[in-house]
Structures are given as structure tokens and as C-alpha cells.
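Encoded as C-alpha cells, the structure appears first; notes follow it.
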Amino acid sequence: SQQGRVREKVYGKQKIYFADQEQLPAASDAELRRLDGEIAARSGQLQALQQSCRHMEAELKDLNSSMTTPEIAREIEALRKDCASYTEKLERIKSATNHVTPEEKEKVCREQQLYRREWRRRKRMATELLDAILEGYPKSKKQFFEEVGIETDEDHGVELPATT
């Protein structure tokens with residue numbers, strides 16, 4: 001600093017030292033244009049390298065997330081075992097002699113429809129009756145159900161079976 005090569009600036013308690021640029025030769029306009037061109041070329045190279053790096057990182061991520069050859073071999077073996085067990089199960093089902101006849105199946109479906117209709121009818125009747133009682137009841141529906149001890153299908157997660 002005392003020799004004049006480095007300048008010093010004081011900002012409060014901090015001191016900043018930097019090279020004295022007045023001692024450097026001034027660049028000509030041609031040299032500045034050449035440096036600007038070089039900067040632009042290097043910036044282009046930097047962008048190309050960054051793009052290449054991003055592409056390679058994406059490819060690396062894909063490769064790291066994919067299965068290795070031994071893992072694939074184990075997966076294939078497990079799938080073959082599953083396939084063999086399902087094939088065996090299918091053969092047992094096909095060879096079973098206790099198949100349900102279409103008549104029996106139709107009878108069961110008719111009975112299910114009958115029971116489902118009856119369930120709906122009785123639920124509707126109970127709901128209408130409870131709604132009539134609740135019209136004159138001073139408390140909420142939930143409080144009434146608790147006092148009387150009524151448990152609904154929804155309380156137990158029961159739903160009417162779907163129609164077939």
C-alpha cells in the first residue's frame with residue numbers, strides 16, 4: 001500500500017485492499033472487442049458444458065433408479081414362482097368337482113336381491129319413523145340416537161351390497 005501497488009479503502013472498522021488499476025496499461029478498443037468476443041465464446045462454452053452436465057446428471061439419476069442385473073434376475077425368479085403357484089391354483093380350481101351350477105347361482109342371486117330389497121325397505125321405514133320422532137324432539141339427532149341406543153349402518157361402516 002505504501003509502495004502504491006495496492007490501494008486501501010476504509011469502511012468503518014474494515015479495510016479493503018485492491019490492486020491499483022491506474023498502474024495497469026489501458027486497453028485499446030480493438031483489444032476490448034477481442035476480450036468481449038472471448039468472453040462471449042467462453043460463456044457459450046460454459047452454457048454448453050452446463051447443459052451437458054445437466055443431461056448427464058439426469059441420465060445418472062435414471063440409471064441409479066433403475067434395477068441392476070442381479071436385482072432383475074431375482075425379480076424374474078420371484079415372478080416365475082408366483083406364476084407357477086397361480087397356474088397350480090388355477091389347475092386345482094379347474095379340476096374341482098364341486099362347481100356351482102347356473103341354477104344354484106341364479107337362486108343365490110335372487111335371494112340376495114330379495115334380502116337387499118327387504119334391507120332397504122326396513123331401513124327406509126326406520127328412518128321415516130325416527131325422522132317423525134325427531135320433529136318434536138328438542139335435542140339433536142345424534143343425542144337422540146345415543147340416549148335411545150340406536151346404532152346405524154354408517155356407525156359400523158356397513159353398506160348395502162351393490163346390485164349385480
Does a sphere of radius 6.0 Å around CZ in Arg54 hold more than 12 heavy atoms from other residues, nucleotides or ligands, not counting ones at 6.0 Å or beyond? yes

Rounded to the nearest 0.5 Å, the OG atom of Ser140 sits from the CD atom of Glu146 at a distance of 7.5 Å

### More than 12 heavy atoms from other groups under 6.0 Å of CD on Glu159
no

Side-chain heavy atoms under 4.5 angstrom apart, residues restricted to Ile, Leu, Val, Met, Phe, Trp, Tyr: same cluster for Val148 and Ile133?
-> yes

Report task. Would you indicate whether Glu147, at its atom CD, is surrounded by more than 12 heavy atoms from other residues, nucleotides or ligands within a distance under 6.0 Å? Result -> yes

- Query: Going through the checks in order, is the salt bridge (charged side-chain N to carboxylate O under 4.0 Å, His left out) test met by Lys61 and Glu57?
  - Reply: CA-CA 6 Å; Lys61 183 180 175 186; Glu57 285 174 345; over 6 Å; no

Run the salt bridge (charged side-chain N to carboxylate O under 4.0 Å, His left out) test on Lys142 and Glu154 for me, step by step, so that the C-alpha distance in whole Å, both residues' side-chain angles and the decisive distance to 0.1 Å come before the verdict.
CA-CA 13 Å; Lys142 184 176 180 182; Glu154 291 77 19; over 6 Å; no

| request: Kindly work out whether a path of hydrophobic side-chain contacts (I/L/V/M/F/W/Y, heavy atoms less than 4.5 Å apart) joins Leu134 to Leu129. | output: yes

Q.
Hydrophobic clustering (ILVMFWY, side-chain heavy atoms < 4.5 Å, transitive) - are Met67 and Leu63 grouped together?
A. no

Between Ile150 and Leu130 the two heavy atoms that sit nearest each other are CD1-CD2, 3.4 Å

So SG of Cys53 and CG of Leu46: to nearest 0.5 Å the spacing works out to 10.5 Å

Residues 79-88 vs side-chain hydrogen bond (donor to acceptor under 3.5 Å, both in side chains), sequence neighbours excluded, gives none

side-chain hydrogen bond (donor to acceptor under 3.5 Å, both in side chains) pairs touching residues 65-77, sequence neighbours excluded, are Thr68-Glu71

**Asked** Take atom NE2 in His55; do more than 12 heavy atoms of anything else shown fall under 6.0 Å from it?
**Response** no

Exercise. Please check if the side chain of Glu104 supplies one atom and the backbone of Thr101 the other of a donor-acceptor pair under 3.5 Å.
Key: yes

- Task: Using the side-chain contact (heavy atoms from CB on, under 4.5 Å) rule, take Lys89 and Arg92 through it: C-alpha gap first, then chi angles, then the decisive distance, then the call.
- Result: CA-CA 5 Å; Lys89 186 175 180 180; Arg92 277 188 278 132; 3.8 Å; yes

Output for pair (Phe18 CZ, Arg7 CZ), nearest 0.5 Å, gives 5.5 Å

When every non-hydrogen atom of Val10 is compared with those of Glu8, the smallest separation belongs to CG2-OE2, 3.7 Å

Margin query: Let's go through Arg33 and Asp29 carefully: what are the C-alpha distance in whole Å and the side-chain angles of both, what is the deciding distance for side-chain contact (heavy atoms from CB on, under 4.5 Å) to 0.1 Å, and is it a yes or a no?
Written below: CA-CA 6 Å; Arg33 281 192 295 276; Asp29 286 342; 3.6 Å; yes

Applied to residues 111-151, the ring pair (Phe, Tyr, Trp, His ring centres under 6.0 Å) test, sequence neighbours excluded, yields Tyr137-Phe144

From the list Arg116, Gln112, Arg117, Arg110, side chain to side chain contact (heavy atoms under 4.5 Å, CB included) partner of Leu114 resolves to Arg117

In this structure, CG of Asn64 is separated from CD of Glu59 (nearest 0.5 Å) by 11.0 Å

Report yes if the side chains of Arg120 and Lys123 come closer than 4.5 Å at any heavy-atom pair, otherwise no. no

For atom CD of Glu111, is the number of surrounding heavy atoms from other residues, nucleotides or ligands below 6.0 Å larger than 12?
yes

Should we say atom NZ of Lys141 is surrounded by more than 12 heavy atoms from elsewhere, each under 6.0 Å from it? no

Could you go through the side-chain contact (heavy atoms from CB on, under 4.5 Å) check for Glu103 and Glu106 one step at a time?
CA-CA 5 Å; Glu103 295 82 23; Glu106 184 61 34; 5.7 Å; no

